[in-house]
Amino acid sequence: MPELPEVEVICRGIRPHLLDRTVTAIHASGKELRRPIPLDRLRREMLLRPITFVDRRAKYLQIGVEGGARLIIHLGMTGNLGFFAPNSQAAKHDHLRWTLDNNSELRYNDSRRFGSIIMCSSHEIADLETSVFQTTGPEPFSDQFSAEYLQRLAKGKEVPVKVFIMNTRVVAGIGNIYAGESLFRAGILPTRKVRTLSGKEWLKLVTAIREILEEAIACGGSTISNFLNAHQEKGYFQVHFMVYGRRGEPCPTCRTTIENLRLGGRASYFCPRCQR
DNA sequence: CAAGTTACCTGACGGC
DNA sequence: TGCCGTCAGGTAACTT
C-alpha cells in the first residue's frame, strides 16, 4: 500500500495525537508479521514513557520515547496506522494496539502481514544506520539525492531505470506507482538501461520525483483500494495518475495508447511517444 | 559481483 | 453461486 507520500501522510496524522502522551497498555493479535512482534520488548521499552517525536525515514515510521528508545514501523504492502476512540470496535487484521493515557488507541492493521515492528532500546539507536537502515538510501528531498549521485551510481549498470529508482539502496521511499509517474513526467521510458541516461535526463528525473512526491503528499496520498490516513479518510492523488493503471487508455498529453509491461516483476505503465 | 526470480500473506476481481 | 488463476502500494533472500 504505502510509498513515501502515504507514510508521510500517516506520520503527520498521528503525530499530534501522540506527542507528549504515554502508552498505558499494548495488545497484540498473536499473529506474526514479517517477523514476530516483540511484544515484551515493546512493553518494556515504551510503557509509561512520554512520546518525544514522531518521524518518517524512507517508508518507516519512527516513534521516540523519553529515555531514547524508539519504535520503528514498516507498513509493508497493506499496513496502516490509525487513531481510534476508546472502546471502538477492533477490525479484522488489527495486529497491534497501543492504548494511550487518554484511552484513545493507535492501531496497526495489516491484512497481508508484510509489515514489521521493530523496538530499539536507547543503546541501539547509535547503530541504526548500520542495522535497520543499512540498506536504506538517501531521502529524495535531501541534497545527497542529485543527478550527479544517480549518474555515478548508474555507471556501467544494465538495470532498467524504473527498477533502479525503486531500489531502496539507491533512494528511499519510491515504489511502483511513484516510480512510474515520475518517469512519465521526466519523459523517460521505464525500460531504459541506467548507463544510457544523460546528466540532463537524471536531472529531469530528480526534479520529477520531488514534484510528484510533494504533490502526492499535498493530496493526502493515493487511495487505490484501501489506503486511509490516521483519521480513516482517503487520499486523492490517484485522480492525478497519468499512466499508472491506465493500460489501453489515451496518454493525457498526446493521446497515444498507454502501454504496460512487467519490469522486475512489477506492472509498469508508460506512453511510448512521450517517453523515450 | 550484478541481474533476475521467488517467497512471504490475504483479498479482490474476472473468467468460466 | 463458486472455483481458479492472477494480481496488488514492499523487501529480502534466493538463484543464475
Side-chain angles (χ1 to χ4, degrees), chain A residues 1-11 29-37 56-61 72-81 91-95 108-118 131-137 140 153-183 190-196 209 212-213 215-217 219-229 234-248 260-269:
Chain A
M1 174 202 304
E3 301 185 36
L4 184 150
E6 289 74 34
V7 180
E8 180 65 28
V9 166
I10 291 171
C11 184
S29 67
K31 293 265 196 166
E32 293 189 2
L33 304 181
R34 280 191 81 96
R35 289 183 276 183
I37 293 173
R56 178 193 61 75
R57 165 78 173 103
K59 295 171 189 164
Y60 294 87
L61 286 156
I72 301 178
I73 300 173
H74 196 288
L75 303 172
M77 286 280 258
T78 49
N80 205 355
L81 282 169
K92 191 174 183 185
H93 306 303
D94 276 349
H95 294 301
Y108 177 81
N109 184 283
D110 189 354
S111 58
R112 290 175 74 182
R113 291 189 276 122
F114 289 170
S116 51
I117 303 284
I118 301 161
S131 56
V132 179
F133 299 130
Q134 192 183 9
T135 60
T136 305
L153 214 60
K155 197 168 182 189
K157 291 204 168 77
E158 295 290 316
V159 207
V161 61
K162 177 159 174 281
V163 174
F164 187 71
I165 60 171
M166 285 177 66
N167 181 344
T168 184
R169 292 172 185 261
V170 173
V171 56
I174 301 172
N176 199 36
I177 290 177
Y178 297 110
E181 292 297 311
S182 299
L183 286 162
T191 45
R192 283 276 299 281
K193 309 283 194 198
V194 286
R195 62 172 176 75
T196 71
I209 285 170
I212 294 275
L213 294 178
E215 290 166 23
I217 292 167
C219 287
S222 301
T223 297
I224 303 294
S225 59
N226 58 7
F227 170 72
L228 299 173
N229 69 16
K234 293 179 175 183
Y236 59 92
F237 188 72
Q238 66 280 3
V239 306
H240 299 293
F241 290 169
M242 296 288 120
V243 287
Y244 181 83
R246 294 189 177 279
R247 175 178 56 185
N260 160 269
L261 50 80
R262 291 194 89 73
L263 277 179
R266 316 302 298 272
S268 307
Y269 303 87

How many whole angstroms separate atom [atom1] of [X] from atom [atom2] of [N]?
X: A:N167; N: B:dC1; atom1: CG; atom2: P; result: 15 Å
X: A:L4; N: C:dG10; atom1: CG; atom2: P; result: 11 Å
X: A:I177; N: C:dC7; atom1: CD1; atom2: P; result: 17 Å
X: A:M166; N: C:dG9; atom1: CE; atom2: C1'; result: 9 Å
X: A:I174; N: C:dG10; atom1: CD1; atom2: C1'; result: 14 Å
X: A:N176; N: C:dT11; atom1: CG; atom2: P; result: 11 Å
X: A:I212; N: C:dG9; atom1: CD1; atom2: P; result: 16 Å
X: A:R112; N: C:dA12; atom1: CZ; atom2: P; result: 16 Å

| P spacing across the pair C:dG5 / B:dA7, given as an integer number of angstrom |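 Roughly 16 Å separates the two P atoms.
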| task | Using the P atom on both, measure B:dC9 against C:dC14 and round to a whole Å. | result |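 It works out to 15 Å between them.
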| task | For A:H74, check ring pair (Phe, Tyr, Trp, His ring centres under 6.0 Å) against everything at least two apart and list the hits. | result |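 Partners of A:H74 by the ring pair (Phe, Tyr, Trp, His ring centres under 6.0 Å) criterion, ordered by chain and then number, come out as A:Y60.
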| Residues forming a ring pair (Phe, Tyr, Trp, His ring centres under 6.0 Å) with A:Y269, sequence neighbours excluded |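 Scan of A:Y269 (ring pair (Phe, Tyr, Trp, His ring centres under 6.0 Å), adjacent residues dropped) gives A:Y244.
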Any side-chain N or O of [X] under 4.0 Å from OP1/OP2 of [N]?
X: A:R169; N: C:dT11; result: no
X: A:H74; N: C:dT11; result: yes
X: A:R113; N: C:dG10; result: no
X: A:K92; N: B:dT10; result: no
X: A:T135; N: C:dA12; result: yes
X: A:H93; N: B:dG11; result: yes

| task | Please say whether more than 12 non-hydrogen atoms of neighbouring residues, nucleotides or ligands are located less than 6.0 Å from CZ in A:R57. | result |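 Counting neighbours around CZ of A:R57, more than 12 heavy atoms of other residues, nucleotides or ligands fall under 6.0 Å, so yes.
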| request: Might you confirm whether atom NZ of A:K193 has over 12 heavy atoms from other residues, nucleotides or ligands at distances under 6.0 Å? | output: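 Result for NZ/A:K193: enclosed.
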| message | Restricting to side chain to side chain contact (heavy atoms under 4.5 Å, CB included), what partner residues turn up for A:E32, sequence neighbours left out? | response |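 A:E32: side chain to side chain contact (heavy atoms under 4.5 Å, CB included) contacts with A:P36.
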| field | Residues that A:N109 engages under side chain to side chain contact (heavy atoms under 4.5 Å, CB included), provided they are two or more places apart | value |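 Once residues adjacent in sequence are excluded, the partners of A:N109 under the side chain to side chain contact (heavy atoms under 4.5 Å, CB included) criterion are A:A91, A:H93, A:D94.
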| query | Under 5.5 Å between ring centres and under 30° between planes: true for A:F114 and the base of C:dG10? | reply |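 Stack criterion met.
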Name the atoms and distances for all side-chain donor-acceptor pairs under 3.5 Å in residues 235-242 of chain A, with sequence neighbours left out.
from	atom 1	to	atom 2	distance (Å)
A:Q238	OE1	A:T223	N	2.8
A:Q238	NE2	A:G235	O	3.0

| query | Between the base of C:dG9 and the side chain of A:S225, is there a donor-acceptor distance below 3.5 Å? | reply |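 Between C:dG9 and A:S225, which were checked side chain against base, a qualifying N/O pair under 3.5 Å is present.
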| message | Using the side-chain heavy atoms of A:S111, tell me which of these nucleotides is nearest: C:dG9, B:dG11, C:dA8. | response |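 The answer is B:dG11, which lies nearest to the side chain.
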| Among C:dA8, C:dG9, B:dC8, which nucleotide sits nearest the side chain of A:I224? |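 The closest nucleotide is C:dG9.
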| Between A:E158 and A:R195, is there a side-chain N and carboxylate O pair less than 4.0 Å apart? |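 Yes, A:E158 and A:R195 are salt-bridged.
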| task | Could you check whether A:R262 gets within reach of a base, just the sugar-phosphate, or nothing at all, counting any heavy atom under 4.0 Å? | result |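 Sugar-phosphate, no base atom in range.
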| query | If you look at every strand shown and take non-hydrogen atoms under 4.0 Å, does A:Y244 touch a base, only sugar-phosphate, or nothing? | reply |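 It contacts sugar-phosphate atoms only.
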Tabulate below the donor-acceptor pairs under 3.5 Å that side-chain atoms of residues 159-169 of chain A make, not counting sequence neighbours, or state none.
from	atom 1	to	atom 2	distance (Å)
A:K162	NZ	A:N176	OD1	2.5
A:K162	NZ	A:S268	OG	2.8
A:N167	OD1	A:R169	N	2.9

| said: Under the rule for side-chain hydrogen bond (donor to acceptor under 3.5 Å, both in side chains), what residues qualify as partners of A:R34, not counting sequence neighbours? | reply: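 A:R34: no side-chain hydrogen bond (donor to acceptor under 3.5 Å, both in side chains) contacts found.
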| query | Dot-bracket for DNA chain C, 5' to 3', counting Watson-Crick or G-U wobble pairs under 3.5 Å, with [ ] for crossing pairs and | for inter-strand pairs? | reply | .|||||||.|||||||
Is there any protein nitrogen or oxygen under 3.5 Å from a nitrogen or oxygen in nucleotides 3-7 of chain B, and what are the pairs?
from	atom 1	to	atom 2	distance (Å)
B:dA3	OP1	A:E158	N	2.6

| message | Could you check whether any side-chain N or O of A:E6 sits under 3.5 Å from a backbone N or O of A:F227, counting only pairs where one atom can act as donor and the other as acceptor? | response |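 No, A:E6 side chain to A:F227 backbone: no donor-acceptor pair under 3.5 Å.
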